[in-house]
Engineer: 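I'd like to ask some things about the structure below.
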Amino acid sequence: MPAEGEAGTGDTFVTAPVVAAGAVYVNGTADDPHVQALDAATGRPKWTSSVTGGGALLIAGGTLYVRKGKGSVYALDAATGARPTR
């Protein structure tokens with residue numbers, strides 16, 4: 001098991017990951033700031049979003065909420081990483 005705050009590659013997370021429904025959601029790493037979902041069992045990427053993170057993550061009702069910057073919040077489909085259409 002990787003050390004706390006690190007993926008198997010040795011990257012350091014920008015913020016704490018969130019675990020839900022067999023996935024680990026990370027708000028990017030110091031080297032790659034894109035929001036990602038990893039398979040909880042294997043650590044392999046499930047999806048990578050075009051959204052870059054930097055703030056807290058929250059998951060509710062199948063939606064991953066990503067705080068970015070000072071007050072901006074993005075919603076992503078937790079299963080696919082897609083941003084909802086309006």
Side-chain angles (χ1 to χ4, degrees):
M1 188 88 176
E4 182 178 321
E6 294 183 353
T9 61
D11 291 332
T12 301
F13 295 129
V14 175
T15 61
V18 172
V19 179
V24 178
Y25 300 92
V26 294
N27 203 351
T29 64
D31 293 332
D32 181 2
H34 293 93
V35 176
Q36 301 175 50
L38 308 172
D39 183 281
T42 66
R44 292 190 177 133
K46 294 178 92 169
W47 54 257
T48 299
S49 172
S50 61
V51 172
T52 56
L57 299 174
L58 172 72
I59 191 163
T63 301
L64 177 67
Y65 297 94
V66 181
R67 185 177 151 249
K68 180 178 176 179
K70 296 181 179 181
S72 297
V73 176
Y74 291 88
L76 302 173
D77 182 289
T80 66
R83 291 181 66 188
T85 56
R86 292 183 178 204

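Computed from a predicted model, the values in this text were never measured in an experiment.
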Engineer: Any idea which heavy atoms bring T42 and D39 closest together, and the distance?
Structural biologist: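 Looking at all heavy atoms of both residues, the closest pair is N-OD1, 2.9 Å.
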Engineer: Grab the two heavy atoms, one from T48 and one from H34, that are nearest each other, plus how far apart they are.
Structural biologist: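 So the two residues come closest at CG2-CB, 3.7 Å.
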Engineer: A side-chain contact here means heavy atoms from C-beta on lying under 4.5 Å apart; do V35 and W47 qualify?
Structural biologist: yes
Engineer: Let me confirm one number: the CD1-OH distance from I59 to Y65, rounded to the nearest 0.5 Å.
Structural biologist: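 Going from CD1 on I59 over to OH on Y65, the span is 10.0 Å.
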Engineer: In Å, rounded to the nearest 0.5 Å, how long is the span from NZ of K46 to CG of L38?
Structural biologist: 9.5 Å
Engineer: Report the distance from atom CG of D77 to atom CZ of R83, rounding to the nearest 0.5 Å.
Structural biologist: 13.0 Å
Engineer: Determine the minimum heavy-atom distance between L57 and A16, stating which atoms define it.
Structural biologist: CD1-O, 4.2 Å
Engineer: Suppose we screen for side-chain hydrogen bond (donor to acceptor under 3.5 Å, both in side chains). Which residues come up paired with T52, at least two apart in sequence or across chains?
Structural biologist: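 Per chain and number, T52 pairs via side-chain hydrogen bond (donor to acceptor under 3.5 Å, both in side chains) with K68.
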Engineer: Could you report the tightest heavy-atom contact between A75 and P84, atom names first, then the distance?
Structural biologist: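 Where A75 meets P84 most closely, the heavy atoms are O-CD, 3.0 Å.
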Engineer: Hey, does L58 have a side-chain heavy atom less than 4.5 Å from the side chain of V18?
Structural biologist: no
Engineer: Closest approach of G81 and L76, non-hydrogen atoms and distance?
Structural biologist: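 Where G81 meets L76 most closely, the heavy atoms are O-CD2, 3.5 Å.
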Engineer: Is it the case that the side chain of Y25 and the backbone of A78 share a donor-acceptor pair, with hydrogens and angles ignored and the cut-off at 3.5 Å?
Structural biologist: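 Yes, Y25 side chain to A78 backbone: donor-acceptor pair under 3.5 Å.
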